*Asks:* 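Sending over a structure as structure tokens; questions will come in a sec.
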Amino acid sequence: MVGLVVVSHSRALARAAVDLAMEMVRDRPVPIGVAAGLDETTFGTDATAITEAVAAADRGDGVVVLMDLGSAVLSAELALELLADDLRERVVLCPAPLVEGLVAAVVAAAGGAGRDEVAAEAIAGLAGKQSQLGPAPTPAAPAAGAADGNGDRPSATVTVTNRHGLHARPAARLVTLARSFDARVEVRNAGTGSPWVPAASLSRVATLGVLPGQRLEIRAAGPQARQAVEQLAALAGRAFDETEDAQPAPEKAADGGLPASPGIAIGPAWHPSTEPPRVPDVPALGPAPEWSRIDDALAAVRRDLDRLRAATARAAGPAAAAIFEAHLLLLDDADLLAEVRTRIDAGETAPRAWSAATARIAAEFEALADPYLKARAADVRAVADQTLRVLLDAPGAVAAGCGVLIAADLTPAEAAGLDPERVAGVLLAFGSPAAHSAILLRTRGIPAVAGAGPAVLDVPTGTPIGLDGSTGEVLVAPSEPVLAALRDRAAEQATRRARAAGRSAAPAVTSDGVTVAVAANVGSPGDARAAAAHGADLVGLIRTEFLFLDRDAAPEVDEQEAALREIAAALDGRRITVRTLDVGGDKPVRYLPAPAEENPFLGVRGIRYALRHPGLLADQLLAVVRVARDVPVSLMFPMVSTVEEVRVARRMLDAAVARAGGATPAGLQVGIMVEVPAAALKTAAFAPCVDFFSIGTNDLTQYALAAERGNAALASLADGLDPGVLRLIDAVCRGAGDRSVAVCGELAGDELAVPLLTGLGVRELSVAPPGIPAVKEAVRATTTTGAAALARAARDLPDAAAVRALLAAERVG
Ligand code: PEP
Ligand code: MG
């Protein structure tokens with residue numbers, strides 16, 4: 001019987017094709033060898049594996065080899081050369097389509113056909129489909145410019161199958177791969193007969209305007225030319241690794257996203273990159289200094305894009321983050337940089353040269369006929385604008401607009417820089433409600449929806465947008481009646497808020513007389529003033545990272561002390577709770593490079609980081625001790641896992657007291673944040689070493705449910721109302737004995753959760769300042785006995801959804 005061999009880039013694909021074909025001939029098994037993939041999951045082809053598969057399939061009657069595309073053909077040809085002469089005589093490489101050809105070949109071979117007949121049947125495998133569907137469209141005419149042929153250079157022609165053709169993201173992949181070879185690779189659009197362009201230039205490749213179904217020609221010269229062409233063809237065969245999901249769908253507006261910061265926002269859409277700064281007309285400093293300005297600006301933008309790419313990849317996966325790869329490649333674009341240099345050498349300033357060169361590339365995109373590729377001019381402008389702002393030391397683009405800000409994601413620094421007077425709301429394509437940028441938006445009272453999907457990035461500037469940050473609802477260009485209904489809802493919310501604000505300065509006492517302190521989480525002196533204005537009983541969490549991030553060196557003790565005093569002054573004698581530095585994880589410190597970690601959330605962060613940087617911690621403790629002499633201060637350590645960590649930290653505190661001179665300040669209390677599930681379960685062991693516990697439900701939830709807090713895909717899983725998390729909170733309240741228990745994670749600000757937390761025994765809720773009045777109202781509506789019964793019931797429910805349903809029913813009842 002004739003044997004068959006399937007050569008494919010994908011092992012899974014080959015196996016599935018074989019299974020499908022064998023279904024046709026169940027009772028007459030045909031010998032089929034498979035040479036596919038480099039391993040179970042890595043795409044690729046290997047000539048040696050093909051020779052082995054051929055030998056295994058050979059029964060003496062000949063072997064027909066079927067291949068998928070690109071390097072599969074090249075590898076099969078190479079394999080043929082490697083075979084012993086007698087076996088090679090019996091093998092034929094068959095140009096049939098893989099799936100149809102294999103099915104036809106299996107049937108023919110099982111029926112006893114000879115080798116050439118099997119191959120002919122395979123080639124005719126498309127006949128059925130062709131007769132049913134009619135003739136295929138006439139292929140595009142041969143590329144003009146074919147005269148400058150490929151000579152002996154390895155070359156390939158591939159059909160681009162991506163939904164939007166070779167747009168920025170697939171082009172970025174192509175450019176990245178092309179650059180990795182020691183070869184000069186060129187590509188052209190065979191469909192339009194475009195000239196050849198260097199594959200290492202994103203701007204040149206993307207502006208080829210290769211549409212879906214058009215053919216892309218690849219050629220290369222140099223030592224690794226063959227590998228380059230093979231691998232680029234294989235990449236194109238895999239649709240440039242762009243999954244169907246990741247391929248943007250500009251026709252889609254927005255279905256809404258995740259509630260990230262409560263409140264209703266209505267306003268015109270604006271995108272950060274719409275208002276480029278003006279380039280001043282000043283004389284150039286000369287080529288060398290102007291070029292070094294470009295170098296510095298590119299390095300700074302690269303850092304920012306890297307951070308955004310990593311955050312987006314964490315939140316929404318690598319496909320979504322690929323757009324930032326395209327942006328990064330543009331910063332290295334040889335074509336662009338050559339033009340910038342020429343202009344600088346001719347006497348232009350760095351900003352002028354940069355804006356002229358990038359404008360030229362953006363204009364090239366805009367001139368393309370395809371609307372999707374045309375719209376990619378926005379990507380070029382975004383990067384161009386970002387770099388120009390750095391060159392001109394102009395304020396960040398996100399701080400400059402007015403209305404509903406639409407962005408891919410925000411860094412914490414960007415969220416902190418938004419002006420609540422101008423920004424009605426924020427709509428993020430990616431991001432997650434538990435990310436620090438979302439926390440900052442809540443702190444600043446800016447309504448926000450996160451994870452609304454990349455389509456929102458294509459909403460034109462000025463389009464009316466309505467969003468509800470409590471539900472995640474997003475309305476793009478709503479009709480007047482819909483808008484009116486949203487306005488009514490906003491008005492109702494405003495009335496409720498005004499009522500709560502009128503009573504916010506009074507303590508929050510349950511209807512049966514138990515006081516629950518409602519505190520504020522703050523990340524700056526400005527937040528502290530907002531906390532006081534919203535009626536905070538104390539500050540329950542100062543995220544001291546604000547003093548350390550986005551700068552080039554750690555703050556001196558005096559600067560730290562001054563900032564803490566400013567916060568304390570805003571609270572006018574009320575207690576402040578200072579959390580020691582909680583960096584690491586998703587909060588890296590630029591000037592303290594930490595080793596790359598596979599899993600930073602499980603890495604050196606919180607107290608682990610501080611104990612490894614004792615100089616930093618010692619300075620911070622000294623600042624705290626100095627302030628604690630004059631105001632009541634609670635000091636707490638984040639991410640504690642063991643009692644020993646607390647002992648070491650307390651010894652360092654004792655050293656700070658000694659360094660400050662004098663005794664331990666009378667009002668200084670020491671506590672830990674409970675964020676690690678093991679620590680929650682060991683609360684009683686910690687109790688003798690601390691005065692209080694503060695539960696960080698953001699981290700406790702991510703660790704308890706193994707669901708990363710910034711990952712939009714897991715946002716519904718990472719719900720602090722999961723009964724597993726509630727049991728951990730319960731364990732802390734029971735293990736704490738006479739030590740007080742606070743919650744300072746975002747769960748504390750969820751009005752629905754207030755009776756539950758009160759029922760579990762929590763007596764301090766620390767929330768974003770704008771949330772204080774509503775949380776106080778929720779406490780006042782609670783009875784502790786009823787709340788305790790509610791907590792018992794909730795603990796036994798199966799999941800967070802059931803707990804939410806119980807709490808909602810309780811509120812209505
Ligand atoms: C928490 O983890 O709940 C917390 C308050 O700390 P952060 O959000 O700053 O990590
Ligand atoms: Mg935390």
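In this text, all values refer to a predicted model and were calculated from it rather than measured experimentally. Just so you know, ligand 1 is whichever comes first in the structure, and atom 1 is the first atom listed for that ligand.
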*Asks:* Indicate the atoms forming the closest heavy-atom contact of Arg575 with Ser634, along with that distance.
*Replies:* NH1-OG, 2.9 Å
*Asks:* What distance separates Thr701 OG1 from Glu675 CD, expressed to the nearest 0.5 Å?
*Replies:*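 One finds 10.5 Å between OG1 of Thr701 and CD of Glu675.
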*Asks:* Would you give the length of the straight line joining atom CG of Leu721 to atom CZ of Arg804, rounded to the nearest 0.5 angstrom?
*Replies:*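 Reported value, rounded in 0.5 Å steps: 4.5 Å.
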*Asks:* Would you name the N/O/S atom of Asp699 that lies closest to the Mg ion (ligand 2)?
*Replies:* OD2
*Asks:* Below 4.0 Å, non-hydrogen atoms only: which portion of Ile695 touches ligand 1? Side chain, backbone, both or neither.
*Replies:*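 The answer is neither; Ile695 stays 4.0 Å or more away.
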*Asks:* Start with the C-alpha distance between Asp750 and Glu746, add both sets of side-chain angles, then the distance that settles side chain to side chain contact (heavy atoms under 4.5 Å, CB included), and finish with yes or no.
*Replies:* CA-CA 7 Å; Asp750 184 341; Glu746 295 305 299; over 6 Å; no
*Asks:* Looking at non-hydrogen atoms alone, which of Arg709, Glu746, Gln702, Met673 comes nearest to atom 8 (O) of ligand 1?
*Replies:*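 It is Arg709 whose heavy atom sits nearest to atom 8 (O) of ligand 1.
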*Asks:* Which is closest to atom 5 (C) of ligand 1 in terms of heavy atoms, Arg605, Arg543, Met639?
*Replies:* Arg543
*Asks:* Please determine if Glu675 has a nitrogen or oxygen closer than 3.5 Å to a nitrogen or oxygen of ligand 1.
*Replies:*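 Yes, there is a polar N/O contact under 3.5 Å.
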*Asks:* Should the proximity of Arg579 to ligand 1, defined as any heavy atom under 4.0 Å, be assigned to the side chain, the backbone, both, or neither?
*Replies:*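 It is the side chain that gets close, since no backbone atom is under 4.0 Å.
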*Asks:* Output yes when Arg529 and Glu566 qualify as a salt bridge under the 4.0 Å nitrogen-oxygen rule, no when they do not.
*Replies:* yes
*Asks:* Keeping the roles fixed (side chain from Glu545, backbone from Asp582), state whether a donor-acceptor pair exists under 3.5 Å.
*Replies:*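 Present.
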*Asks:* Among Gly523, Ser694, Gly696, which one puts a heavy atom closest to atom 1 (C) of ligand 1?
*Replies:* Gly696
*Asks:* I need the atoms of ligand 1 closer than 4.0 Å to a non-hydrogen atom of Leu541, numbered in the order shown.
*Replies:* 5 (C)
*Asks:* Will you find, in the side chains of Glu764 and Ser740, an N or O donor that is under 3.5 Å from an N or O acceptor?
*Replies:*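 Side-chain D/A pair, Glu764 to Ser740: absent.
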*Asks:* Among the N, O or S atoms of Glu675, which one sits nearest to the Mg ion (ligand 2)?
*Replies:* OE2
*Asks:* Examine ligand 1 and decide if any of its atoms is less than 4.0 Å from a heavy atom belonging to Glu545.
*Replies:*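 So Glu545 does not count as touching ligand 1.
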